[in-house]
Amino acid sequence: ASVGAGAEAVIITCAVTGAIHTPTMSPHLPITPDQIAADALAAAEAGAAILHLHARNPETGQPDQTPEAFARFLPRIKQNTDAVVNITTGGSPYMRVEERVRPADTFKPEVASLNMGSMNFGLYHLVDRYKEFKFEWERQHLEATRDLVFRNTFKDIEFILQTCYDNGTRFEFECYDISHLYNLAHFADRGLVKPPFFVQSVFGLLGGIGTHPEDVIHMKRTADRLFGRDFRWSVLGAGASQLRIAAQAAAMGGNIRVGLEDSLWAGKGRLATSNADQVRLARQLVEGLGKRLATPAEAREILSLKG
Ligand SMILES: C[C@H](N)CC(=O)CC(=O)O
Ligand SMILES: [Zn+2]
């Protein structure tokens, strides 16, 4: 029996492909424009109200932050769903902010991601899981993170805010640690960002905060203290922690992000066969708590989007 309309509505964001995982890691990782469009639409059909999008080179799967790459799937997605489009400004952690902001500035989406601090961004520990890689760039992409800083200086963040300011785009504030919440509070104090703040707490990325239940409580408690009622909380758990973090946060009144950008798994040891696979698991979780999924229209209202 589906949960009544009065039940609390939970916004599901689906991050379809990202720039972290590589083709060898899962045959289900969408790479080509057709795959990204089809998986995004199926995720929306399964209940995702927001689609967080990156683009890739269709041959090699390498992250591609050119507006042309996004143009190969965006119109198809917009024509076939009213889900909210959220375009990355993170791109890949190897890119400079000028390159990273271009798609959001070109397509002026309702939502764009904004990473709230510089950090170590560790993926090198994943190399040993794979005997060999289809493409040489994959090993390089992972190993080089041993000496990589994902750069998001105050100047970089300000640059993205100013670039997108007139586009009416609002942000998914990616907070990988407690300090990132304080950085957001700093920009709020300066009046460069307006409430309600869509805070996406990121747990379990090497270089950021862990995935212990106390980490989740600490993030929520700090956000409550800094932003009071002016924020809408969402969480993502990297890798195997995805559903556990989602369950805890949903029980605490939070919203959820899933998708193959953040985790390739659908439960212990089972590779997700699609993004919709994870959205369905998140839905079961939410409805199991006596809550229901927010529609795209409700997400627009809750997040005060331009529509
Ligand atoms: C952990 C995620 N990769 C956060 C993210 O989605 C960053 C972005 O695209 O700006
Ligand atoms: Zn992303």
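In listed order, ligands and their atoms are each counted from 1. All of these numbers come straight from a predicted model, not from anything done at the bench. Note that these values count all heavy atoms, side chains included, but never hydrogens, waters or copies made by symmetry.
Side-chain contact annotation: D34 with T32, donor-acceptor N/O pair under 3.5 Å absent. For T211 and R244, the side-chain atoms include at least one donor-acceptor pair closer than 3.5 Å.
The protein heavy-atom contact nearest to atom 9 (O) of ligand 1 is T88 OG1, 2.7 Å. For atom 10 (O) of ligand 1, the nearest protein heavy atom (residue, atom name, distance) is S113 OG, 2.7 Å. At the shortest separation from atom 1 (C) of ligand 1 among protein heavy atoms lies L205 CD1, 3.6 Å. For atom 3 (N) of ligand 1, the nearest non-hydrogen atom of the protein is E261 OE2, 2.9 Å. If you check which protein heavy atom lies closest to atom 4 (C) of ligand 1, you get Y176 OH, 3.2 Å.
The N/O atoms of G90, backbone and side chain alike, include one that comes under 3.5 Å of an N/O atom in ligand 1.
Below 30°, between 30° and 60°, or above 60°: for Y94 and H141 the angle between ring planes is between 30° and 60°, a tilted geometry. Taking the six-membered ring where tryptophan is involved, the planes of F154 and F187 are tilted, since the angle between them lies from 30° to 60°. Between F73 and F70, the two ring planes are tilted [angle within 30° to 60°].
Selection from Q200, R257, H54 by nearest heavy atom to atom 2 (C) of ligand 1 gives R257.
Only the side chain of H52 comes within 4.0 Å of ligand 1, counting heavy atoms alone; its backbone N, CA, C and O stay farther away. Counting heavy atoms closer than 4.0 Å to ligand 1, residue E172 contributes nothing at all.
Ion pair D277/R270 flagged as a salt bridge, since at least one NZ, NE, NH1 or NH2 atom sits closer than 4.0 Å to an Asp/Glu carboxylate oxygen. In this structure, E172 pairs ionically with R257, as a charged nitrogen and a carboxylate oxygen lie closer than 4.0 Å.
For F173 and H180, the gap between ring centers reaches or exceeds 6.0 Å. You'll find the ring centres of F231 and F197 outside the 6.0 Å limit.
Under a 4.0 Å criterion applied to the non-hydrogen atoms of I20, ligand 1 contributes the atoms 3 (N).
Pairing each heavy atom of A19 with each of G91, the nearest pair is CB-O, 3.4 Å.
Only protein N, O or S atoms were scored, and 3 of them lie under 2.8 Å from the Zn ion (ligand 2).
The side chain to side chain contact (heavy atoms under 4.5 Å, CB included) with L53 is formed by just one residue from the set I77, T88, N86; it is I77.
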